[in-house]
Protein chains: 2
Amino acid sequence: MTVNAAQIDGKSCAVFQRTLERVGQRWSGAVLYAAVGGARRFGEYRRTVEGISDRMLALRLKELERDGFLVREVIPSTPVQVLYRPTPAGAELIAALQPLGDWGHKHLAELPD
Amino acid sequence: MTVNAAQIDGKSCAVFQRTLERVGQRWSGAVLYAAVGGARRFGEYRRTVEGISDRMLALRLKELERDGFLVREVIPSTPVQVLYRPTPAGAELIAALQPLGDWGHKHLAELPD
DNA sequence: CGGCATCCGTTATGATACTG
DNA sequence: CAGTATCATAACGGATGCCG
């Protein structure tokens, strides 16, 4: 279902606002976006999401897991591996974020800061 | 150009992060999203974006204008009308936001809070 | 490797009241 | 109608160090 583009009502806007509050937190979207290729390890997220601190990454991963966008998988190898894999809902959300990423590449890929 | 979905690199993630920092601020996305139908007045945004305060709305509109997503138009009627109209870049951004809105309608339209 | 706890300044933002 | 000013508070988020 596509929202009527002619005029946005308060309900639609509220839903959108709630959606954005889930991925709009600082780093949340970037972490989720980094999971686009499938499950990744903690350290991979850390390397991919440049500038994020351990603290924030752990925090965001936990929130994304709580919200049902990622699932945490512990693989008892040595050293231990911890994977965060997108759920179906998470994968759909990531897909919905894709156009935003494309917009960024088009409009501010070359800009400083 | 669509980003390679197999594996996100740091650069793409950084661009995405910068993009999200522009619309992920509290209320920013919702205000922009409310402009999907074209130019609207200050009071219309206020009514559409439920829960936002005058202060935040004025702040966000100013930022969205500064970032080149909206243009402010003053129409000297009585009482005065002030319109905020999406620029081409703004319209593209709004369009990129649409899938996110659709995701919200599908996944959390009925949820409380 | 994959975290968590603590400290602590900075920023964000809500309420309220006022203006051209 | 379309904002602006001021204030108090809460939340954010970076740095650092420790742990299984």
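Lettering of chains follows the sequences in order, A, B, ..., and the numbering in each one begins at 1. Keep in mind the model is a prediction, meaning the values are calculated, not measured. Just so you know, these numbers use all the heavy atoms, side chains as well, and skip hydrogens, waters and symmetry mates.
- For R41(A), the listed nucleotide lying nearest its side chain is dG2(C); candidates were dG2(C), dA2(D), dT13(C).
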Which atom pairs link the protein and nucleotides 15-20 of chain C when you take only N or O atoms and keep those under 3.5 Å?
none

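- When the nucleotides dG2(C), dC1(D), dG3(D) are ranked by their closest atom to the side chain of R72(A), dG2(C) comes out on top.
- Checking each of T48(B), V82(B), V31(B) against R40(B) for a side-chain contact (heavy atoms from CB on, under 4.5 Å) leaves exactly one that passes, namely T48(B).
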Does the pair E21(B) and Q17(B) meet the rule for a side chain to side chain donor-acceptor pair (under 3.5 Å), with working shown?
CA-CA 6 Å; E21(B) 280 179 358; Q17(B) 170 66 12; 2.7 Å; yes
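- Nearest heavy-atom pair, V49(A) versus C13(B), reported as atom, atom and distance to 0.1 Å: CG2-SG, 3.8 Å.
- When the nucleotides dG3(C), dG14(C), dG3(D) are ranked by their closest atom to the side chain of V82(A), dG3(C) comes out on top.
- Looking only at atom types and distance, the side chain of R72(A) has a donor-acceptor partner in the side chain of Y84(A) under 3.5 Å away.
- Dashed line: the shortest gap from a side-chain N or O of Q25(A) to OP1 or OP2 of dC12(D) is under 4.0 Å.
- As judged by a 4.0 angstrom heavy-atom cut-off over every strand, Y45(B) is placed among residues making no nucleic acid contact.
- Close to dG3(D), at under 4.0 Å from its OP1 or OP2, lies no side-chain N or O of K62(B).
- Computed from C1' positions of five pairs at each end, the angle between the two local axes of the helix from dC1(C)-dG20(D) to dG20(C)-dC1(D) equals 60°, rounded to 10 degrees.
- Between L59(B) and A58(A), the residue anchored closer to the 5' end of DNA chain C is A58(A), taking for each the nucleotide with the nearest heavy atom.
- In this structure, W103(B) has its ring center closer than 6.0 angstrom to the ring center of F69(A).
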Might you work through the side chain to side chain contact (heavy atoms under 4.5 Å, CB included) test for V36(B) and Q98(B), ending with a clear yes or no?
CA-CA 9 Å; V36(B) 75; Q98(B) 201 70 50; 3.8 Å; yes
